[in-house]
Amino acid sequence: MKYDYDLFVIGAGSGGVRAARLAAKAGARVAVAEQVQVGGTCVLRGCVPKKLLLYGAEFSQSFRDAKGFGWTVDWARFDWPTLRERVQAEVNRLSGLYIANLEGAGAEIVDDRAILAGPHRVRLTREGREVTAERILIATGGHTSRPAETPGQELGVTSTDCFTLDELPSSIVIAGGGFIALEFANIFSGLGVETTVVYRGERILRGFDHDIRKHVQADMQRTGVHVVCGSTIGEIAPLAGARKLVTLSNSMRIETDHVLWAIGREPNTGGMGFEAAGVRLTARGAVAVDAYSRSSAPSVWAIGDVTDRINLTPVAIREAVAFVETEFHGRPTAFDHVDVASAVFSRPAVGAVGLTEEEARERCKIRVFRTVFRPMKNILADNEQRTLMKLVVNAESDRVMGVHLAGPEAPELIQLAAIAVKAGLTKAQWDATCAVHPTAAEELVLMGEPIPHDNEAPA
Ligand code: NDP
């Protein structure tokens, strides 16, 4: 045996754990190193705790809606420590399951920070020893970022900190207009925190369809979230009682309990010893990989957020599966990154797959179908929130190129719509599918007429 291991995985998040487990099951000698806690961003400080906090936050709207259905819920009180502790207990339970699954598959868990010492060498920095592996998989994920140049930036918190705040703040200013900013705006505003989103561009959710961006921003404002666009945080200054004074680039000043930096995440590539192994990075500091997730060093692969392709848990998992198929089952497999659906758990929530109207227009003539309606439940609830559904269709082939949803069940619906988009189904095939009544989803197969002027640029 030339090497200590057939595979050494660095990072026990969703991608690394899946690769380690599948490779071990395939009979490989596998170790996986984790410097913090098994589980990674998704399980410990991302998707899972975020969704659980959201469930907690959504009760406030449910209590308001309930009145229209005859319920009296005047007694509703919220206790942050209870939710915080229960969420932390759940993520620790899941971390334990990951450990059990890894051990059950025969993978060795190394509780250490691992870096590369050569193309086949890994240094365990705390233990101070080196091991060798035929293949090394980098699955170190990413980390939150802060604007180093902003005075007082250290007074702000990141999404990681938000899960374990000692107390629920009475107010928060959130910098950014992307996934994390809007999801935490939903959580905090749902929990009764006065919430301000400060976004540098004209409209939040850059990269999403323009109708979705407009709809979500307007509805957030309708529900009392302050959205300040075209501005950034210029300075944070301390005030008495741990409060902060935030000065924006437009000179606006806001007193707040907390400032949350949600201005993007960066790949965890610092101090990893990549030079020693000949691993090349991209201009954004991610590990550069080919379609099979192989780096510039033939014995080193990378998957997940550290490669900064599509930074979503299920993508990291599929990249892991493709890697194991290729390297341990002899079936070369490249994950197809086209038409990956995504969901933003904002309020209203967003689900999107395929091309936006703007992107599709660049490629071909299109027809656009759009409907905006008040879901049945909201009428009795006196809740003004409306759902938006939009299909972007290739005018020549009739193929549905993009689906864009904003509304309560959008993340659930988009998973199914993504099957149809990935399968390349036509609008006629969507319409041949009989509606399920009474649902919001039925609108997806009932959008009869395209909106007019559909080959002009969007307003
Ligand atoms: P995003 O890229 O989604 O959003 C970052 C936001 O910060 C953008 O609005 C961006 O503006 C703004 N921004 C960037 N730099 C600055 C700056 N220097 N000053 C002010 N504003 C700035 O990143 P997130 O951190 O929200 O999330 C990271 C990634 O994690 C997501 O892209 C997604 O892939 C993943 N994620 C997925 C979730 C899900 O699936 N539901 C949930 C959370 C995260 P601009 O648009 O102008 O660039």
Side-chain angles (χ1 to χ4, degrees), residues 13-15 40-55 141-151 153 156-163 173-187 196-208 210 212-213 216-217 220 227-236 246-250 259-268 284 286 304-319 337 340-353 356 405-406 410-412 414-415 418:
S14 301
T41 301
C42 172
V43 170
L44 302 172
R45 48 191 172 270
C47 319
V48 171
K50 171 273 302 284
K51 187 86 188 275
L52 293 172
L53 289 187
L54 265 172
Y55 281 132
H143 61 273
T144 54
S145 62
R146 291 164 174 271
E149 70 289 357
T150 303
Q153 60 79 16
V157 296
T158 66
S159 54
T160 305
D161 306 316
C162 284
F163 296 111
V173 173
I174 303 176
F179 282 79
I180 294 177
L182 299 199
E183 293 184 344
F184 274 96
N186 186 4
I187 290 168
T196 305
V197 170
V198 178
Y199 175 53
R200 64 182 178 180
E202 262 178 53
R203 195 169 280 153
I204 56 170
L205 282 180
R206 187 169 63 82
F208 284 82
H210 69 108
I212 295 290
R213 299 172 68 187
V216 173
Q217 186 163 325
M220 283 172 63
V227 182
V228 182
C229 285
S231 197
T232 53
I233 293 178
E235 182 182 2
I236 310 175
V246 178
T247 307
L248 305 189
S249 57
N250 65 5
V259 177
L260 166 58
W261 295 117
I263 57 170
R265 293 175 58 86
E266 289 166 10
N268 281 332
R284 273 188 40 79
D305 288 8
V306 75
T307 63
D308 197 27
R309 286 177 281 183
I310 300 179
N311 298 331
L312 299 174
T313 299
V315 172
I317 289 173
R318 293 296 288 264
E319 289 165 356
H337 291 81
V340 171
S342 64
V344 188
F345 293 87
S346 47
R347 186 165 38 138
V350 172
V353 63
T356 64
L405 312 174
E412 299 292 337
I414 206 66
Q415 178 66 81

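Counting starts at 1 for both ligands and their atoms, in listed order.
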| query | Can a non-hydrogen atom of A262 be found less than 4.0 Å from any atom of ligand 1? | reply | yes
| So which protein heavy atom does atom 2 (O) of ligand 1 come closest to, and at what separation? | G264 CA, 4.5 Å
| Are R146 and Q153 close enough that a side-chain donor and a side-chain acceptor fall under 3.5 Å? | yes
| message | Tell me the protein heavy atom at minimum distance from atom 34 (O) of ligand 1, and give that distance in Å. | response | N311 O, 2.9 Å
| query | Out of A343, G178, G176, whose heavy atom sits nearest atom 4 (O) of ligand 1? | reply | G178
| task | Report the nearest protein non-hydrogen atom to atom 9 (O) of ligand 1: residue, atom name, distance rounded to 0.1 Å. | result | G177 N, 2.8 Å
| said: Please check: side-chain N/O of N268 versus main-chain N/O of G142, any donor-acceptor pairing under 3.5 Å? | reply: yes
| Salt bridge check: are E266 and R284 linked by an N-O gap of less than 4.0 Å? | no
| Test item, G201 contacting ligand 1 (heavy atom, 4.0 angstrom) | no
| query | When you measure from atom 26 (O) of ligand 1 to every protein heavy atom, which one gives the shortest distance, and what is it? | reply | I180 N, 2.8 Å
| query | Of the listed options (F345, F184, W261, F179), which comes nearest to atom 37 (C) of ligand 1 when hydrogens are ignored and any heavy atom counts? | reply | F179
| task | Have a look at ligand 1 and work out which part of L312, if any, has a heavy atom under 4.0 Å from it: side chain, backbone, both or neither. | result | side chain
| request: May I ask you to check whether over 12 heavy atoms, not counting those of R318, lie within 6.0 Å of atom CZ? | output: no
| note | among protein heavy atoms, the one nearest atom 16 (C) of ligand 1 is R200 NH1, 3.3 Å
| query | Nearest protein heavy atom to atom 29 (C) of ligand 1, by residue and atom, and its distance? | reply | R265 CD, 4.4 Å
| query | Under 4.0 angstrom from atom 41 (N) of ligand 1, is there any protein heavy atom? | reply | yes
| field | Close N or O approach (T232, ligand 1; < 3.5 Å) | value | no
| request: Considering only non-hydrogen protein atoms, determine which one is nearest to atom 7 (O) of ligand 1 and report residue, atom name and distance to 0.1 Å. | output: I263 CA, 3.1 Å
